[in-house]
Structure formats: C-alpha cells, structure tokens
Amino acid sequence: MSKEFNFRQHPVLANIVVICLVAFIGLIIVYLYLNIFTRHGESEIVPEVENMSFTNAIKTLHEQGFRTDIRDSLYNEDYNPGYVIEQFPKPGSKVKPGRKIFLYINAVHPREYIIDADNTEPGEALKGYSLRQGLAKLEELGFRKVNVVKVPGDNDRIIRLIANGKTVGKMEKVPVTALITVEVHDGQLNRVSDSLQHEEYLQYVTAGEGEPSEGEEYDDELMDIEPAFVQ
C-alpha cells in the first residue's frame with residue numbers, strides 16, 4: 001500500500017520547492033515590471049532641435065514625451081545666442097520613450113575677462129609691457145581679433161589697448177569677442193636719430209671743412225663717430 005508524500009518528513013526538499021516557487025514568481029514580477037515601466041520593445045525617434053531656440057527645442061521634445069537637460073556652453077559667434085548648438089542623443093536616434101535629451105545651448109553673452117589684473121595702481125591695461133608679452137597674454141585669455149598698430153618710439157613697449165574703440169583700463173572686463181587694437185612703439189626712433197647724426201657728420205667731413213671753427217659746437221656723440229663710417 002502506497003503512502004502519500006509528506007513534506008513534514010522531508011523539510012529540506014520542502015524548502016527547495018518553496019525557494020523555487022518564490023524565484024519563479026520574482027522572475028514573473030521583474031518581467032512584467034520591465035514591460036510596463038521600461039516599455040520593453042518600444043522606441044522613439046529623437047527629433048532634430050539643433051539650431052532652434054532653447055524654448056522651442058524644449059517644447060518640441062516635451063510634446064513627444066522626452067525629458068530635457070540644459071547644458072550651457074561657451075559663446076560661439078557662428079550661432080545665435082540662446083540657440084541649441086548640439087544635442088545628445090543625435091537627431092534620428094532610436095531611444096526609449098521618455099528618454100532624457102541633453103541640449104547644449106550657445107551662451108547668451110560672450111564671456112568677459114580682465115586683461116590686466118594689476119590693481120596696485122590705476123592706469124591703462126598692459127601699458128609698458130613688451131609686445132611679445134602683451135600678445136601672449138591676449139592669446140592665453142582667448143582673444144582672437146587682435147590688431148597691432150605701431151607708432152614712432154624708442155622701444156617695443158605697449159602704449160595702450162583699445163577694445164571696440166575704447167581704451168582698456170586695468171581691472172576692466174572685456175568681452176572675448178571684442179576687436180583689440182594694440183598700440184605699441186616701433187623701436188625705430190633711436191635708429192632714425194643716429195642715422196641723421198651720421199649723415200650730418202658725413203656731409204661735414206666730405207665738405208673738407210676740417211675741425212669746427214670757434215663758436216661752432218657739435219654733439220659729443222656725433223664727434224665720437226669713428227672715421228670708418230666715412231666712405
């Protein structure tokens with residue numbers, strides 16, 4: 001005569017069966033969760049919102065059920081301020097419904113920098129700097145529209161900086177997109193003066209006048225010129 005199976009007599013086997021049942025039910029719950037909440041098997045096409053204003057871009061994405069995350073970027077003159085310059089995922093990508101779309105927005109205003117942060121004494125920015133130092137500083141800060149204007153002088157020092165037609169002072173902020181004009185001495189003034197003195201001496205010697213007569217005076221530096229200059 002057969003006997004009915006009694007789980008009480010086999011507690012280990014009973015526990016294994018219970019564990020298997022719980023695991024099976026758990027798998028069913030997870031599967032249903034994935035299908036309901038993640039819309040397994042469903043996808044949406046990301047619309048193109050680049051080159052759109054950020055307000056229109058957000059409206060377009062929200063109407064199609066997407067979420068958005070706005071990211072600022074550096075000011076770019078090639079795009080309108082406040083417009084989308086890049087999006088991720090890219091237009092045409094297949095993504096899950098409700099996916100977050102990252103939007104990179106062109107800054108509304110260009111960034112501003114202090115060219116000369118020396119606040120010990122008031123004055124004009126970079127005045128007295130060498131041209132090489134000044135240009136290196138402007139390049140380091142990101143200024144790209146830089147013109148150099150040379151005026152007569154005895155060195156290569158900067159006289160002043162002009163941004164969009166206005167002289168730049170120390171501790172003054174300047175937009176990185178500004179047109180910068182660097183006025184600098186050309187270092188030729190001393191050379192011109194020396195050349196004139198040489199020519200004057202040459203004319204005096206070749207004229208055969210000899211030493212200056214009484215009452216005539218010549219610059220000491222002029223009289224020190226070696227005869228080797230005479231041709």
CG-OH distance between Asn106 and Tyr83, expressed to the nearest 0.5 angstrom: 11.0 Å
All heavy atoms of Lys94 vs all of Ile45, minimum pair found to be CG-CD1, 3.3 Å
Does Asp69 pair with Arg67 as a salt bridge, N-O distance under 4.0 Å? no
Quick one, Ile105 and Arg71 - any side-chain contact, counting heavy atoms below 4.5 Å? no
How many angstroms lie between CG in Leu161 and CD in Glu172, if you round to the nearest 0.5 Å? 10.0 Å
Are side-chain heavy atoms of Arg157 and Gln133 found at a separation under 4.5 Å? yes
Are the charged groups of Glu121 and Lys170 less than 4.0 angstrom apart, N to O? no
Shortest non-hydrogen contact from Ala57 toward Val84: CB-CG2, 3.7 Å
Any heavy-atom pair between the side chains of Asn147 and Leu179 that's under 4.5 Å? yes
May I ask you to decide if Glu48's main-chain N or O and Gln87's side chain share a donor-acceptor pair within less than 3.5 Å? no
So which heavy atom on Ile101 is nearest to which on Pro89, and how close? CD1-CD, 3.6 Å
I need the minimum non-hydrogen distance between Ala163 and Val174, along with the two atoms involved. CB-CG1, 3.8 Å
Side-chain heavy atoms under 4.5 angstrom apart, residues restricted to Ile, Leu, Val, Met, Phe, Trp, Tyr: same cluster for Tyr113 and Leu138? yes
Close side-chain approach of Thr177 to Tyr75, heavy-atom, < 4.5 Å: yes
Using the rule that two of Ile, Leu, Val, Met, Phe, Trp, Tyr join whenever any of their side-chain heavy atoms come within less than 4.5 Å, decide whether Tyr104 and Val46 are in one cluster. no
Other members of the hydrophobic cluster containing Val151, with the 4.5 Å side-chain heavy-atom rule, please. Ile159
Ile70 CD1 to Leu103 CG distance, which is reported to the nearest 0.5 Å: 4.5 Å
Are Arg144 and Glu77 packed together at the side-chain level, in the sense that at least one heavy-atom pair is separated by less than 4.5 angstrom? no
Closest contact, heavy atoms only, Lys173 versus Ile114: CG-CG1, 3.7 Å
Give, for atom CD of Glu183 and atom NZ of Lys127, the distance between the pair rounded to the nearest 0.5 Å. 11.0 Å
Do the non-hydrogen side-chain atoms of Phe66 and Glu44 ever get within less than 4.5 Å of each other? yes
When rounded to the nearest 0.5 angstrom, what distance separates NE2 in His185 from CD1 in Ile158? 11.5 Å
Can you label the angle between the Phe88 ring and the Phe102 ring as parallel, tilted or perpendicular, going by 30° and 60°? tilted
Taking all atoms of both residues into account, what is the closest heavy-atom pair of Met171 and Asp118, and its distance? SD-N, 4.2 Å
Validation row: Val182, Leu126 side chains within 4.5 angstrom (heavy atoms): no
Between CZ of Arg132 and CG of Asp156, what distance do you get to the nearest 0.5 Å? 9.0 Å
